[in-house]
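Contents: one structure, followed by commentary.
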Number of protein chains: 2
Amino acid sequence: MDAVDQPLRADARRNRERILLAARDAFAESGFAVPLDEIAARAGVGPGTVYRHFATKEALFQAVVTARVTNLVAEAQRLGSHADPGGAFFGFLARLGAEGAAKRDTSDAITVPGPLKAEIHDALEVLLSRAQTAGAVRPDITAADLIALMKSLLVAVHENPDPARAERIFAVLTDGLRPPPTSGRTRSPSSQMVI
Amino acid sequence: MDAVDQPLRADARRNRERILLAARDAFAESGFAVPLDEIAARAGVGPGTVYRHFATKEALFQAVVTARVTNLVAEAQRLGSHADPGGAFFGFLARLGAEGAAKRDTSDAITVPGPLKAEIHDALEVLLSRAQTAGAVRPDITAADLIALMKSLLVAVHENPDPARAERIFAVLTDGLRPPPTSGRTRSPSSQMVI
DNA sequence: CAAAATACGGAACGGTGGCCCCGGTTAGCA
DNA sequence: TGCTAACCGGGGCCACCGTTCCGTATTTTG
């Protein structure tokens with residue numbers, strides 16, 4: 001990973017841009033699991049060239065998704081001052097779901113331990129606790145639960161890419177996140193998961 | 001895969017038993033992804049011996065999980081004649097969740113295309129449609145949706161093995177599966193996932 | 001107990017994927 | 001235009017994993 005980018009040869013700069021573009025597309029299509037050789041081939045360079053610019057495959061991944069995650073966090077913080085806590089929370093969840101359904105690497109980005117995951121976690125936690133205080137979201141859920149849920153549901157959506165099914169799955173999530181009717185327990189006793 | 005098992009040498013029969021035992025534990029702990037060499041090592045045999053008894057790793061997996069899945073299907077069919085459709089459905093879901101949380105290979109068994117997946121799908125469909133007709137489960141969900149949901153949630157549970165979190169996650173699922181309140185829409189408009 | 005059939009173990013093969021290195025090429029500058 | 005330094009390409013190394021092969025060991029049988 002080159003820190004300075006001022007004294008960079010013209011072809012080096014051009015190749016770096018190409019690699020980032022190709023990585024963006026490849027990661028979005030196939031997630032982090034895409035072979036690095038395919039990224040290199042898409043960029044029209046050799047694998048060695050990729051490693052000249054990015055020390056490791058993960059560094060390249062970080063470089064690609066950082067901008068997108070930062071945007072998400074910014075939107076979450078913007079929504080954090082929203083009047084309606086429930087609307088802000090579910091709106092951000094919808095944004096996250098749309099992003100994750102479109103780009104396969106989003107679920108990897110918010111899951112792999114690192115600064116990105118921490119940022120999303122913190123941003124989500126603010127929205128979540130506000131919504132919970134307002135009574136719009138069930139109080140037992142944590143931000144880590146939500147990230148785990150989102151990640152696994154995004155995987156499910158990617159594994160059978162039916163838009164209608166994706167909407168149904170996310171509807172189950174959003175409805176399940178709402179506070180359960182606190183009045184006389186209508187839950188059947190057999191609905192407990194014994195682990 | 002040897003069809004005849006009558007003329008089987010004593011050590012062969014013993015090793016076959018050992019392999020099945022080791023595979024059962026290894027698959028339960030690590031899912032289908034466990035290296036076959038580890039199964040062989042656990043059984044105290046060489047990898048070649050495993051392949052003498054089972055033509056492929058997947059054949060061994062099928063031999064291990066078939067009994068368990070068959071039991072699940074039998075229980076589903078038994079519950080199918082239950083008086084309370086909702087209770088039967090959520091009870092079976094709880095059973096599936098418990099089984100899947102305890103054994104990591106359950107999610108693989110019900111997901112990999114094959115007869116096991118088809119059996120589970122059909123058994124689940126009966127319970128689901130009865131519960132939907134009774135108004136205990138939201139009507140838009142399909143059996144395939146449920147399998148996808150269960151699989152991904154089980155993966156999430158296995159990735160962070162906190163029993164409390166597992167219960168919370170499954171609570172979100174069961175609550176989200178209940179029919180949404182049909183009365184005046186309390187859903188905020190921003191809760192739609194735009195895909 | 002000896003011969004024949006059968007099974008065993010583990011080394012080896014083939015494929016995949018992350019990562020590195022060397023010979024050739026190209027940019028930048030005088 | 002010619003020289004130097006940086007860069008590029010892709011072949012290659014290593015690790016992992018499913019699978020196969022073969023010399024050896026064990027069991028069965030006459």
Side-chain angles (χ1 to χ4, degrees), chain A residues 1-23 25-27 29-65 104-105 108-109 112-114, chain B residues 1-23 25-27 29-65 104-105 108-109 112-114:
Chain A
M1 192 146 24
D2 302 334
V4 290
D5 52 349
Q6 210 64 351
L8 203 63
R9 240 170 64 170
D11 53 348
R13 179 180 295 269
R14 177 162 36 86
N15 276 332
R16 188 189 168 86
E17 246 12 78
R18 280 191 191 177
I19 290 168
L20 278 172
L21 258 295
D25 294 349
F27 282 138
E29 279 178 27
S30 312
F32 182 74
V34 69
L36 193 133
D37 289 26
E38 189 186 317
I39 297 177
R42 283 198 194 205
V45 303
T49 304
V50 177
Y51 281 97
R52 178 166 314 278
H53 289 281
F54 302 94
T56 175
K57 186 187 175 186
E58 185 155 340
L60 173 61
F61 184 73
Q62 296 280 345
V64 164
V65 295
R104 216 183 183 96
D105 50 355
D108 292 327
V112 171
Chain B
M1 195 150 18
D2 301 335
V4 289
D5 51 350
Q6 209 65 352
L8 203 63
R9 244 170 60 173
D11 53 349
R13 181 179 294 268
R14 177 163 36 86
N15 276 332
R16 184 177 222 277
E17 244 17 74
R18 280 191 191 175
I19 290 166
L20 278 171
L21 258 296
D25 295 349
F27 282 138
E29 278 178 29
S30 313
F32 182 73
V34 69
L36 193 132
D37 289 28
E38 189 186 316
I39 297 177
R42 284 199 193 205
V45 303
T49 304
V50 177
Y51 279 95
R52 180 166 313 277
H53 289 281
F54 301 94
T56 175
K57 185 188 176 187
E58 185 154 339
L60 173 60
F61 184 72
Q62 296 280 345
V64 164
V65 295
R104 216 184 182 96
D105 49 355
D108 292 328
V112 170

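Values reported hereafter were calculated over all heavy atoms of this structure, with side chains retained and with hydrogens, waters and symmetry mates removed. Here the structure is a predicted model, which is why all the values come from computation and not from measurement.
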Is the distance from OP1 or OP2 of C/dC20 to the nearest side-chain N or O of A/Y51 less than 4.0 Å?
no
B/R104 and B/F32: side-chain contact (heavy atoms from CB on, under 4.5 Å), yes or no, with the steps?
CA-CA 8 Å; B/R104 216 184 182 96; B/F32 182 73; over 6 Å; no
Value in whole Å for how far the P atom of C/dC20 lies from CZ of A/F54:
15 Å
Once you round it to whole Å, what is the distance between P of C/dA7 and CZ of B/R18?
16 Å
Once you apply a heavy-atom cut-off of 4.0 Å, does A/V50 come out as touching a base, just sugar-phosphate, or nothing?
nothing
Whole angstroms only, please: what is the CD-P distance between A/E38 and C/dT16?
13 Å
Quick one: A/L36 CG to C/dT16 C1', roughly how many Å, whole number?
14 Å
A/T56 side-chain N/O to C/dG18 phosphate OP1/OP2 under 4.0 Å
no
Pairwise 5' ranking along DNA chain D for A/G44 and B/V34, keeping only the more 5' one
A/G44
Produce a footprint string for nucleotides 23-30 of chain D: one letter per nucleotide, 5' end first; B if the base is under 4.0 Å from any protein heavy atom, S if only the sugar-phosphate is, - if neither.
---BSS--
Interatomic distance, B/E58 CD vs D/dC17 C1' [rounded to whole Å]
15 Å
For D/dC7, does either OP1 or OP2 sit under 4.0 Å from a side-chain N or O belonging to A/H53?
no
Rounded to the nearest 0.5 Å, what separates atom CG in A/N15 from atom CZ in A/R52?
10.5 Å
For the pair A/L60 and A/L20, evaluate side-chain contact (heavy atoms from CB on, under 4.5 Å) and give the outcome as yes or no after the intermediate values.
CA-CA 8 Å; A/L60 173 61; A/L20 278 172; 4.2 Å; yes
Rounded to whole Å, how long is the line connecting atom CD1 of A/I39 with atom C1' of C/dG18?
12 Å
Salt bridge or not for B/R13 and B/E17, using N-O below 4.0 Å?
no
Let me spell it out: for each of A/V45 and B/T49, pick the nucleotide of DNA chain D with the closest heavy atom. Which residue's pick is nearer the 5' end?
A/V45
Just how far, in rounded Å, is P of D/dC16 from NZ of B/K57?
15 Å
Would you indicate, yes or no, if D/dC7 has its OP1 or OP2 atom less than 4.0 angstrom from a side-chain nitrogen or oxygen of A/N15?
no
